[in-house]
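For reference, the structure discussed in these notes is given below.
Scope of the values below: all heavy atoms of this structure, side chains included, with no hydrogens, waters or symmetry mates. Ligands are counted one by one from 1 in listed order, and the atoms in each one are counted from 1 as well.
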Amino acid sequence: MDVAAQLLAGDVAAGARAIRWLDDQDPRGLEVLRRVYGATGRAHVVGITGPPGAGKSTLVDTLIAAVRAGGRTVAVLAIDPTSPFTGGAILGDRLRMSRHATDPGVFVRSMGTRGTHGGLARAAYDACLVLDAMGYDLVIVETVGVGQEEMEIVALAHTTVIVTVPGLGDEVQAVKAGLLETGDVLVINKADRDGFEQTRRHLELMLHLRENAVPQSRKVPLLRTVASRGEGADELLQALDTHAGQLKATGEFQGKAGRRAEQHCLMLARALVLRELQVTSTAQRLAPVRERRIDPYAAAQEIVADLLRGPR
Ligand SMILES: Nc1nc2c(ncn2[C@@H]2O[C@H](COP(=O)(O)OP(=O)(O)OP(=O)(O)O)[C@@H](O)[C@H]2O)c(=O)[nH]1
Ligand SMILES: [Mg+2]
């Protein structure tokens, strides 16, 4: 069997290879993707984000256990933009979830910035497709909620979970990052810590304001977890399933998957255009700008016109 067929049969080694090929922009990766694309669009994609150290990976670990207890399969992409490593066993995430390492119904992969030519967001979208094609029921994408790229990654999910912790004004940070607006489920993790009640009241108030501001908006569940003790994982899975059920009932499930595909495609098109820009006659077009014989707008238009004319 070739890699595409093995991947469709759920073979973990084949999946890992396809993800690596896509990371490397190896033509074999594109060939595999072409063959398996028709089998994608089925997985429930869940994004989990929140401030550094909020307990996201620990929470995902407990979530894996809950999913498996119900007999479903799950893949996890742990994305760490600050880490130069990718795919290795170096990240703590990997260790934190290592108790599931021998379970064939679980696939965990960490991604850092290295080896992801063309950006982490693109790599995440690619990997998500591969995992979807492999037939995992849930695909969980963990990111640290900070920069623009992470926000792009969050946008790929059907369901976005925002994780906060008591104290430290983290809940305020989450609001600042605009994350609360995109959250479908809110989690206060480390609920064993001081300040839980205050954070809960604060977030409840904000959710209440949001519900009033946006009539017909779906009620966002606010959950309490102590991930390090596995508390609240079943409730979180229940909330994810409820949300997926609501999306399916309204057609939004397919709608979101469709928008994700569009987003992925546009991302790739932009990258291709940028790459073409670098190999066309750009240098030649820049010289007259530098020498002030032609203005930057006119030169930019000529550069794009060159691009559209294609290679000479
Ligand atoms: N007290 C307490 N500690 C927790 C809880 N959940 C996680 N932790 C601890 O918090 C620390 C950070 O947990 P991680 O799961 O790595 O957090 P993270 O959000 O994935 O971190 P980054 O990926 O680095 O942003 C670890 O030492 C966990 O054991 C909890 O509910 N209560
Ligand atoms: Mg983590």
Taking both backbone and side-chain atoms of [X], is any N or O found less than 3.5 Å from an N or O belonging to ligand 1?
{"X": "Ala54", "value": "yes"}
{"X": "Pro52", "value": "no"}
{"X": "Gly55", "value": "yes"}

Run the numbers for me: atoms of ligand 1, each under 4.0 Å from some heavy atom of [X], listed by number.
{"X": "Ala227", "value": "6 (N), 30 (C), 31 (O)"}
{"X": "Asp192", "value": "1 (N), 2 (C), 30 (C), 31 (O), 32 (N)"}
{"X": "Ser57", "value": "15 (O), 18 (P), 20 (O)"}
{"X": "Val144", "value": "25 (O)"}

Is any NZ, NE, NH1 or NH2 atom of the basic residue among [X] and [Y] found under 4.0 Å from an Asp or Glu carboxylate oxygen of the other?
{"X": "Arg42", "Y": "Asp132", "answer": "no"}
{"X": "Asp103", "Y": "Arg72", "answer": "no"}
{"X": "Arg200", "Y": "Glu197", "answer": "yes"}
{"X": "Asp306", "Y": "Arg309", "answer": "yes"}

Per-residue contact class, Glu231 against ligand 1 - non-hydrogen pairs under 4.0 Å: neither
Fellow cluster residues of Tyr297, listed by chain then number, with links counted only when side-chain atoms sit under 4.5 Å apart: none
Short side-chain to backbone donor-acceptor contact, Asp24 and Asp26, under 3.5 Å: no
Check: Ala233 main-chain N/O paired with Thr62 side-chain donor or acceptor under 3.5 Å: no
Enumerate, atom names and distances included, each donor-acceptor pair closer than 3.5 Å involving a side-chain atom of residues 221-229, sequence neighbours excluded.
residue : atom : partner : partner atom : Å
Thr225  : OG1  : Asn189  : OD1          : 2.8
Arg229  : NE   : Glu231  : OE2          : 2.9
Arg229  : NH2  : Glu231  : OE2          : 3.1

Nearest-option assignment for atom 25 (O) of ligand 1, heavy atoms, candidates Arg193, Glu142, Arg224, Lys56: Lys56
For the Mg ion (ligand 2): the N/O/S atom of Glu142 at shortest distance: OE2
Min heavy-atom dist Arg229 to ligand 1 below 4.0 Å: no
Ser57 backbone or side-chain N/O/S under 2.8 Å from the Mg ion (ligand 2): yes
